[in-house]
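Have a look at the structure below before the remarks.
These numbers come from the heavy atoms of this one structure, side chains and all, not from hydrogens, waters or symmetry mates.
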Amino acid sequence: MRLTTKQRAAIETVNGHLGIVACAGSGKTEVIAQRVVNLLRQPGVEPRNIVAFTFTERAAAELKQRIFSRVREQLGDVRGLAELFVGTMHGYALNLLQSHVPETFKCTVLSEVQSRVLIDRNSKSSGLTNTYIRSTGKPPRKMKRYRESRLYQRAMDLMREDHVDIDQLPADVVDGLNAYRMLLRRHHYLDYTEIIRLTADLLLPPSSTAATAAAPVVNLRDHVRETVQHVVVDEYQDTNPVQEQMIKGLTQFGANLCVVGDDDQTIYQWRGSAVSNILTFASRYTGAKIVDLNENFRSSPAVVDLARQVVERIDPSHRLTKSMTASGHQRYDRGDLLALAFKSPQEEAAGICDRIEWMLGLPFIDRPGGEPRGLTYSDFSVLFRSVAKDADALVAEMRARGIPYIIKGLHRLFETPEVKAAKSCFDYIADTVDSSAVIAAWLDAQLGLREEDLRRGIKILDDARGWTQGTPWDTYTIQGIYQRFLGEIGLREDHLEASIGPQRSELAFYNLGRFSTAIGDYERIHFLSSPPDRFTTFAKWLEYQAGYYYEESDADDGYAQPEAVTIATVHQAKGMQWPAVFIPCMRSNRFPSKKHGGLNVFHVVPQAAVSDADRYRGSEEDERRLFYVAATRAQKYLTLSFSPGTSQLYRKESKFFVEATRNTYVMTKAPTVPDESTLNRIEPTPAGSKPDIVFSFSELKYLFECPYQFKLRFLYGFDSPLQKELGYGKSLHDVMAEVHKRAVKGDIVNDTEVEGLVDRHLHAPFAPDPLKQKLRLAAIRAVRRYLTENRSRLPWTEHSELPVEVHLTPGVAVAGRIDLIRRLDTGEQSIVDYKSDERAHAEEVTRDQLHIYVAGYEELSGNRADVVEILNLDERSRSVREPVDDVLMKDIADKIAEAGDRIRRNDMPRKTTWCDTCATCDFSSICRDRPTSP
DNA sequence: TGCGTAAGCCTTTTT
DNA sequence: GGCTTACGCA
């Protein structure tokens with residue numbers, strides 16, 4: 001790729017702070033990657049000195065891959081490249097906390113849904129029901145459980161993410177925040193916001209607490225001072241105030257900061273992101289150099305012109321002045337840009353489908369000087385302001401015509417018939433419906449089930465109803481009952497495929513898998529409640545809460561790139577591009593969206609306490625930026641359309657739509673083509689860009705062991721039933737990690753420290769007290785035994801918890817941590833994995849894993865280890881020690897490549913027969929029959 | 001054009 | 001329950 005002068009300037013600026021203002025399609029990923037290469041050329045800069053943040057994990061995978069290939073091309077093999085951090089700020093911060101701040105060692109991270117369940121379950125001690133809502137002209141009233149937990153959660157987020165003046169907050173709100181944070185702490189939880197807040201405060205203590213900074217904080221700050229030399233922040237326009245504090249904290253010791261962003265693409269201000277961060281960057285970081293990348297290489301001149309028109313109507317004092325120019329190879333042909341008005345949503349949907357079908361096979365050139373290929377379904381996307389509200393007509397039309405599509409965006413999962421049926425099981429257990437309702441619901445889902453099958457299932461549910469005091473609760477987990485029920489009624493993919501076909505079967509399983517995820521979210525928080533309570537409150541939660549939380553989307557697993565039209569919200573389209581983009585339903589009050597009434601977070605947190613609170617409310621300018629993002633996704637074809645909605649609010653054309661019709665490139669009617677042959681249609685062919693895959697070691701282990709188990713777990717979302725002992729293995733692991741980390745520094749743990757060590761790390765949240773004691777003693781014994789047997793070797797510990805990444809095959813990376821690298825008495829180097837229970841993976845799979853580690857360590861250090869070991873911490877199980885197998889090393893690359901291909905092809909078949917893996921698999925009941933005689 | 005009233009709706013979502 | 005928008009009336 002040839003670089004422009006400005007791109008080169010950005011790449012070559014390696015000293016001092018740098019702000020890159022990069023318009024849509026300006027090749028910023030490439031610029032970031034090449035700049036990183038240049039940083040690595042600097043004397044004294046190692047990969048571990050560079051930290052690069054992206055907004056999403058997906059963007060991280062892409063950037064990482066790009067950096068790796070540029071480094072390989074330009075610098076060859078670079079030692080320690082896996083230590084270059086590319087990921088989200090949350091990921092980095094969590095790492096930092098869990099390796100330096102002991103109070104967070106045991107913590108697990110709650111998803112948004114889980115933290116809301118936590119708030120509702122602890123409605124009082126979370127502060128929810130003691131906090132007031134203050135509406136204008138009304139006396140303040142307390143917040144309500146379930147009803148307002150979402151709002152409360154937003155208030156909790158806002159106060160930790162933004163600059164809030166404590167003195168301006170009512171006492172109950174301050175108490176609420178403290179209560180919620182105490183609740184998290186007491187249960188060893190972190191939520192997403194807390195991760196960043198804690199890190200930011202430890203790095204840059206707010207002045208009032210500066211004096212109390214304790215030892216671990218010094219450690220963390222020292223670590224940052226010693227390692228961080230360069231910080232790169234992508235999508236800087238969407239950072240919020242805490243994130244900015246954390247960035248400042250990371251660079252306070254003299255590291256160089258490079259921010260990359262585009263103020264015109266700020267689309268998360270309703271979540272607190274502050275455009276002001278990028279607008280005032282140059283004045284806040286002294287000596288910062290600013291480079292504008294205003295050449296758009298993605299889109300045709302017409303698309304660029306329209307996009308400019310959209311965004312140049314924003315008040316200039318609210319933007320960085322810049323003028324995007326079209327510099328790519330896409331040509332404009334008349335009819336590429338359309339603004340079409342239809343009479344009804346149905347006609348609009350039909351019009352879009354007509355146009356897609358008509359455009360199939362039109363020649364399209366991906367790269368300058370490249371060969372044309374024919375447009376295919378995956379070259380189209382339809383971007384809605386709100387998928388949930390507006391996409392129904394289009395989905396119906398596409399389904400009717402057989403146009404393949406994938407939907408992204410929150411949808412109503414709980415309205416699908418199979419999930420309604422699953423839900424009815426818990427209504428039955430809660431005794432709000434009778435068994436005939438359950439049977440009717442399942443038959444209604446049309447999954448080819450027979451009534452007699454369902455009668456067998458009802459017996460399982462009766463069993464759950466019959467719980468009596470004294471029965472161990474863990475025989476009655478919601479998850480366990482759910483999966484036993486599914487197994488008992490014969491709900492298995494092989495049965496379903498035979499009766500209703502593979503497509504419907506896959507969708508049903510996907511939805512039932514999501515339901516399993518929902519159960520897991522709920523049950524992890526409610527593990528302490530007795531089974532009857534758990535089941536009835538779960539039924540209520542499903543009824544009133546869960547419906548809004550989960551996404552419905554079948555064909556998209558994030559790995560495979562299906563041959564289908566993408567239907568998505570504008571927000572989700574950020575960072576993507578398509579040859580042809582449709583933006584339908586451009587109605588007044590929808591896009592730009594009208595302001596919304598009702599309760600909002602400022603009824604809890606007074607607006608006066610928040611600086612620049614207005615940005616949360618959303619303005620026409622914000623909507624303009626959103627429209628700009630939507631339009632600039634198009635490479636060549638852009639079709640805007642309007643049809644009146646059913647309610648009077650949405651009957652008129654959008655202001656943006658009307659503006660667009662005034663653009664000279666835009667036609668309000670598609671040109672007729674007198675002679676089809678002039679279009680030179682060619683065979684539709686997908687662009688063939690394979691998405692990059694990053695596996696974790698544990699994912700890969702599941703995939704090696706049984707591809708179908710991987711599919712059930714990671715693609716459909718089936719969750720394992722909770723085990724009382726859960727957390728023991730990880731705790732023991734963490735203890736060993738501390739032992740070895742200290743050993744690396746020459747500090748050998750002695751026997752008297754073992755108890756303290758175990759107490760610091762042991763966290764088994766689902767274990768009742770007697771079991772907790774048992775686990776504690778078991779852990780102490782295991783660690784003592786280990787120390788006795790290995791004390792003489794501890795000084796030869798070389799690494800503990802070493803992050804590695806393996807790139808044995810293009811497009812597929814495997815990332816993980818090596819438990820331990822040590823020298824043996826023979827002087828040989830050994831790579832070690834610990835095991836702590838019998839339920840661990842088969843030896844053969846662990847052997848594969850260890851050989852991947854060997855490859856990873858070789859990539860990182862240039863050294864090939866001699867031996868691999870499986871150290872079993874459980875007394876009764878044996879350990880394994882064997883030489884690195886060169887044949888296996890050769891095969892492993894092929895195995896990884898094959899795994900990647902499987903994922904991309906969605907080829908994860910069931911095993912043909914019952915095997916050892918099935919015997920320990922959590923999901924065997926929804927997969928196959930257990931053989932009657934072994 | 002200005003004002004008062006009543007109808008209608010209550011996104012977007014990453015970590 | 002709250003707030004914005006549309007609309008009717010002067």
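Here B:dT11 presents its P atom at 13 Å from NE2 of A:His571, a figure rounded to the nearest Å. Whole-Å rounding puts the A:Lys574 NZ to B:dT14 P distance at 11 Å. As a whole-Å value, the separation of A:Phe627 CZ from B:dT12 P is 18 Å. Computed from coordinates, the A:Tyr268 OH to B:dT15 P distance equals 9 Å when rounded to whole Å. To the nearest angstrom, P of B:dT11 lies 10 Å from CZ of A:Arg385. Atom-to-atom, OH of A:Tyr616 to P of B:dT13 comes out at 18 Å; the value is rounded to the nearest Å. Rounded to whole Å, the distance from CZ on A:Arg590 to C1' on B:dC9 is 9 Å. Counting to the nearest Å, the P atom of B:dT13 and the CE atom of A:Met576 are 12 Å from each other.
Within the 4.5 Å cutoff, the side chain of A:Phe695 has heavy atoms near those of the A:Ile903 side chain. A:Leu158 is listed as a side-chain neighbour of A:Val610, based on a closest heavy-atom distance under 4.5 Å.
Taking the six-membered ring for Trp and thresholds of 30 and 60 degrees, A:His187 and A:Tyr189 have nearly parallel ring planes, at less than 30 degrees apart. Using cut-offs of 30° and 60° for the angle between ring planes, the A:Phe656 and A:Phe591 rings count as perpendicular. Classification of the A:Phe657-A:Phe642 ring pair by plane angle, with boundaries at 30° and 60°, yields tilted.
Within a 6.0 Å sphere centred on NZ of A:Lys730, heavy atoms belonging to other residues, nucleotides or ligands number more than 12.
No side-chain donor from either of A:Tyr716 and A:Asn511 sits under 3.5 Å from a side-chain acceptor of the other. No hydrogens or angles considered: nothing links the side chains of A:Thr266 and A:Gln237 as a donor-acceptor pair under 3.5 Å.
How far OG of A:Ser149 is from CE of A:Met143: 8.0 Å, rounded to the nearest 0.5 Å.
If you check B:dT13, B:dT14, B:dC9 against the side chain of A:Tyr650, the one that comes closest is B:dC9. Comparing B:dT13, B:dT15, B:dC10 by their closest approach to the side chain of A:Lys389 singles out B:dC10.
Distance alone, capped at 3.5 Å, places no donor-acceptor pair between the A:Glu161 side chain and the A:Thr193 backbone. Of the possible donor and acceptor atoms, one in the side chain of A:His100 sits under 3.5 Å from a partner among the backbone N and O of A:Leu96.
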Is there a ring-ring contact (aromatic ring centres under 6.0 Å, His included) between A:Phe105 and A:His188 once you walk through the steps? CA-CA 9 Å; A:Phe105 288 173; A:His188 307 288; over 10 Å; no

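No contact: A:Phe591 has no heavy atom under 4.0 Å from any strand. Contacts of A:Glu112 with the nucleic acid, taken as non-hydrogen atoms under 4.0 Å apart, include base atoms.
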Would you tabulate the nitrogen or oxygen pairs shorter than 3.5 Å linking the protein to nucleotides 1-3 of chain B?
none

Can you build the contact string for nucleotides 1-7 of chain C? Use B for base contact, S for sugar-phosphate-only contact, and - for no protein heavy atom under 4.0 Å. BBSSSSS

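The side chain of A:Gln572 places no N or O atom within less than 4.0 Å of a non-bridging phosphate oxygen (OP1 or OP2) of B:dT12.
Going from the P atom of C:dT5 to that of B:dT11 covers 15 Å, rounded to whole Å.
On a pure distance criterion of 3.5 Å, no polar donor-acceptor pair joins the side chain of A:Arg271 and the base of B:dT13.
DNA chain B is contacted by A:Thr88, A:His90 of residues 88-99 of chain A, taking any non-hydrogen atom closer than 4.0 Å.
Using a 5.5 Å limit on the distance between ring centres and a 30° limit on the angle between planes, the aromatic ring of A:Trp270 counts as stacked on the six-membered base ring of B:dT12.
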